[in-house]
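The structure appears right after this line, and notes come after that.
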Amino acid sequence: MIDFGSFLIFCAVSCAAYYYVNREKNKKNFEIANKLPGINGLSLFESFYIILTTPRKEYINKVLSYVRDDVPLTRATFFNQTIILTKDADFINKVFNSPKTYNKPDLFYKGFMTTKGLITLAGSEHKRHRKVLNKAFTSKMMQRLPDIFDDKSKKIIKNLCQVENCGEFELLEFIGPYSLETFGKSNLNYEIQYHKSDIFHAYDKYSSVATDYLPYSMFGLAKNILSPTPLGKRIKDVFNKFNIYFDDVVKVNKENENNNFIENTAIDILLDPVNGFTDEEVKDELIMMLLGAFETSTRIISMVLMMVGMNKDVQHKIVTELNEVYNEDKDAAFSADFLMKFPYLEMVIKETMRLFAVVPMVARETSDEVEICGHVLPKNTTILISIYAMQREKKYWGDDADQFRPERFEDGVKNPHAWAPFTGGSRICIGYRYAMMAMKIFLINFFRTYEVNCKQKFDEIETEMTMTLNFLTGYKVSINRR
Ligand code: HEM
């Protein structure tokens, strides 16, 4: 019978052996990597120490603390892995567009835990899924969305009468239903009732489970190794809930095939036998899409309302723009063309997304040796891209980069690649036009009805930066009817 101490020694020796064998195997790559500008690599023990001691709300800030300002990329070594950190707009743009930096590293994305959806898929599998799913987001498909967004936003705005003139309230409770119910109706052909929905509770748990899982994912631990632990059980529970929910979505859609079925929505495409998706792929894609759509749009709409509530002059300009448009035609219907008549509102949304990159960091992996902006990156290098830091970088946005000033978009930006909240290239967010339309329609209907006030001070907003950016200080505003 082997005692616990011997077991620990066995584990430590195995780990060290793995580390050094792996290092020898990748000697050539390390030689290439060593020529890149960088900081000294962290030792095996330092890597462990950092993962275990950094509070989860600080992960991204911790990574950012290593990024050098004087070079477009900073090399670091983390647990035997060469990592490139960057906030350089031109470098990042090249990474988004190179076929050799198309895939995403396990190190960063295993935490998502589903493997057959767009966000995590690699290479030709990703291309196949993306090509098919793009059909759900064409200009033609966008034309049916304004009615859905208009309808659902009016329902939420009606609900807001419960809190008008009543002091501060928490925005997410009202905006969450808008994002989730529009998502169900337009992508799943399915009516989600937010307050009664299991999906919302599963989602809520998912966010915290995924973040708790992140450090284990960095050590390369697969989720099935954790299955006997409490964290493993929480992971299983969340995914059971997602699976039960989406089983029902699929069942309802299959049964409705000849009735209310809208063609070419995401679910229609996924269930079409011509496209050859397995049951598991269908569910993983639906989960991924929900993960991509819900939290992001909910938080950005709430952040915009807070920013506008803090800036009376901005609110005044939004309302003047609305009045001008609606004075011409008070019953105008929403369409993609009509939404172009609100350039100031668009600048307000863009400025909020610039300051608060809701996906603060994305990652890619080199599938081969590749030269980018004059630097040779070896195969299997992880590239960590800080959208958050790029969008606040003074060299692109000026000395007031950390301030809220929507007018900066009027003058034209110094480097158009420095604004990339949806990223870029062929893995750009599939729902970016959908999201912009959903946000604009909600905000137009909101500002036609209400004035918003926010007591929170901009400089006192505390953020949590994990996979998504969250305001730890909450999303509180008060509203009065116009
Ligand atoms: C304000 C709202 C949103 C923001 C800021 C946002 C941002 C992002 C970002 C940064 C990515 C990662 C891209 C990369 O790794 O290069 C992404 C991917 C994705 N998003 Fe969004 N997103 C939003 C809304 C949506 C919506 C509404 C949907 C669906 C209806 C959606 C579905 C997806 C999917 C499926 C992917 C994976 C795309 C791929 O890898 O091919 N997102 N999003």
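The first residue of the sequence shown is numbered 1, and numbering continues consecutively from there. One-based numbering, in listed order, for ligands and for the atoms of each.
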In terms of its nearest heavy atom to atom 1 (C) of ligand 1, the top option of Met436, Glu285, Met353 is Met353

[X] bridged to [Y] by N-O distance under 4.0 Å:
X: Glu321; Y: Lys341; result: no
X: Lys241; Y: Asp237; result: yes
X: Glu365; Y: Lys104; result: no

Which of these passes salt bridge (charged side-chain N to carboxylate O under 4.0 Å, His left out) with Lys395: Asp90, Asp69, Asp88?
-> Asp88

How far apart are the closest heavy atoms of Leu118 and Glu285, and which atoms are they?
-> N-OE1, 2.9 Å

Which heavy atom of Arg299 sits nearest a heavy atom of Leu469, and at what distance?
-> NH1-O, 2.9 Å

With heavy-atom distances below 4.0 Å as the criterion, list the atoms of ligand 1 near [X].
X: Val358; result: 5 (C)
X: Tyr434; result: 27 (C)
X: Lys104; result: 14 (C), 15 (O)
X: Asn187; result: 30 (C)

At a 4.0 Å cut-off, with the gap strictly under it, does some heavy atom of His129 reach an atom of ligand 1?
-> no

Does Arg299 have a non-hydrogen atom less than 4.0 Å from ligand 1?
-> no

Solution key, residues 436-450 side-chain donor-acceptor pairs under 3.5 Å, sequence neighbours excluded:
unit_1	atom_1	unit_2	atom_2	d
Lys440	NZ	Leu339	O	3.3
Lys440	NZ	Glu346	OE1	2.5
Asn445	ND2	Asp150	OD1	2.9
Asn445	ND2	Ser153	OG	2.9
Thr449	OG1	Asn445	O	2.8
Tyr450	OH	Cys161	N	3.4
Tyr450	OH	Glu164	OE1	2.5
Tyr450	OH	Arg481	NH2	3.2

Take atom 21 (Fe) of ligand 1 and tell me which protein N, O or S atoms are nearer than 2.8 Å.
-> Cys429 SG

All side-chain hydrogen bond (donor to acceptor under 3.5 Å, both in side chains) counterparts of Arg364, not counting sequence neighbours | none

Heavy-atom distances under 4.0 Å are what count here, so tell me which part of [X] touches ligand 1: side chain, backbone, both or neither.
X: Arg433; answer: neither
X: Arg427; answer: both
X: Met288; answer: neither
X: Ile387; answer: neither

Restricting to pairs with a member in residues 382-393, which pass salt bridge (Lys or Arg N to Asp or Glu O under 4.0 Å), not counting sequence neighbours?
-> Lys87-Glu393, Arg392-Asp402

